[in-house]
Structure formats: C-alpha cells, structure tokens
Amino acid sequence: MLLMDKRDENAGEELYNLLAELLNRRMNRTVLDSIRGEYGVLRYLMYVQDKMSAGFLTEQLHVVPGRMTDILNSLESKGFIKRVRSDEDRRRVVVCITENGREEACKKREYIRKEYQGLFKILGQRDTEELIRLLKIVLSYKGENETE
C-alpha cells in the first residue's frame, strides 16, 4: 500500500508540474487572460446569452465585481457593448453586445483557433479528440475539498 501511495504522490506532483508548465506558456496565458477578460464577456454575450446583468456575468466568468466593472467599462469605451435598461424590469441594467463587439469576438475566436492549430496538427485527429475527452474527465473531478 505504501508503494501505491508513493506512486500517487509522484503522479500528482508530475501532473501539477505539467499543468503549471502548460498554463504558463505564452499561448495559453493569452487565452486564459482573454477567457476571464474582455473576450470572455464578449464570448458569453455572443455565444451563450446576450442581455445579461453585470452580476450574472461576474458569477459565470468567476471574477470579482471590481474586475467586471473594469472589463465592462473598457468594452463600453471601445463600443463593443452597451448597457441598457432591461425590458422586463426597467430598474435593472443589462449588458448587450454591439455589432462591433460581435466582430471583435469573431476575430478573437479566430485568433484562438489559429493558436491551437499547430498543436492539433502535431496530435492528429484521434489524439486531439482523446485529449479533449480526458480534459472533460479532469474538469468533472471536483477534488476532495472543492465544494462547487
């Protein structure tokens, strides 16, 4: 049993090191920064649901409210979003993507696709699908101490 625990410890350490190296690569840092930043908001509004409150976007993108305020202010100043009163409740303000925001979201999506294209060529179709399958399994694991 002690041998198995040592193997698990080594595997855990190796996985941690590999994930840290992967996440810290320039390409992935750019993508990760964009997921929780401006592109994350544009992507959500364009591909998931438009006309959402800032609070809801904060929860969905897992950022603090102050960060969301900064993101929305920046996007609004660039003309990528607008804040309007909700049709259902005039007291509520919702965030809507503009046509310029849609164009920007498409450009960012294409940039991300190109960034990973080389990796997909190296892996090939079957290994790419396997990587995606395994990552979905990894993401479904909530951990021993994680409640969400």
(message) Does D127 form a side-chain contact (heavy atoms from CB on, under 4.5 Å) with I122? I'd like the steps, not just the answer.
(response) CA-CA 9 Å; D127 286 343; I122 291 169; over 6 Å; no
(request) Please test L42 against K108 for side-chain contact (heavy atoms from CB on, under 4.5 Å), starting from the C-alpha separation and ending with a verdict. (result) CA-CA 10 Å; L42 293 177; K108 292 278 190 190; 5.8 Å; no
(message) Would R83 and N73 count as a side-chain contact (heavy atoms from CB on, under 4.5 Å) here? Give the steps.
(response) CA-CA 10 Å; R83 297 177 209 195; N73 287 341; 2.7 Å; yes
(message) Go through it in stages, so that I can follow the logic: the residues are V41 and F80, the test is side-chain contact (heavy atoms from CB on, under 4.5 Å), and I'd like the CA-CA distance, side-chain angles, deciding distance and then a yes or no.
(response) CA-CA 10 Å; V41 171; F80 295 156; over 6 Å; no
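Put simply, CE on M52 and CD on E59 are 9.5 Å apart, with the number rounded to the nearest 0.5 Å. Distance check: F120 CZ to R113 CZ gives 10.0 Å after rounding to the nearest 0.5 Å. Here the straight-line distance linking atom CG of L61 with atom OH of Y44 works out to 8.0 Å at 0.5 Å rounding.
Listed here is the closest heavy atom pair of I81 and T98: C-CG2, 3.8 Å. Annotation for M46 and A105: closest pair SD-CB, 3.6 Å, computed over non-hydrogen atoms.
Taking 4.5 Å as the limit, some side-chain heavy atom of D50 sits within range of a side-chain heavy atom of R102.
At a threshold of 4.0 Å, the pair E38-K78 counts as salt-bridged, since one of the basic side-chain nitrogens sits closer than that to a carboxylate oxygen. Between E130 and R133 there is a salt bridge, since a side-chain N of the basic residue sits under 4.0 Å from a carboxylate O of the acidic one. Under 4.0 Å is where a charged nitrogen must lie from a carboxylate oxygen, and between K107 and E110 no such pair does.
A 6.0 Å sphere centred on CZ of R126 holds no more than 12 heavy atoms belonging to other residues, nucleotides or ligands.
No chain of hydrophobic side-chain contacts below 4.5 Å, direct or via other Ile, Leu, Val, Met, Phe, Trp or Tyr residues, connects Y47 to V94.
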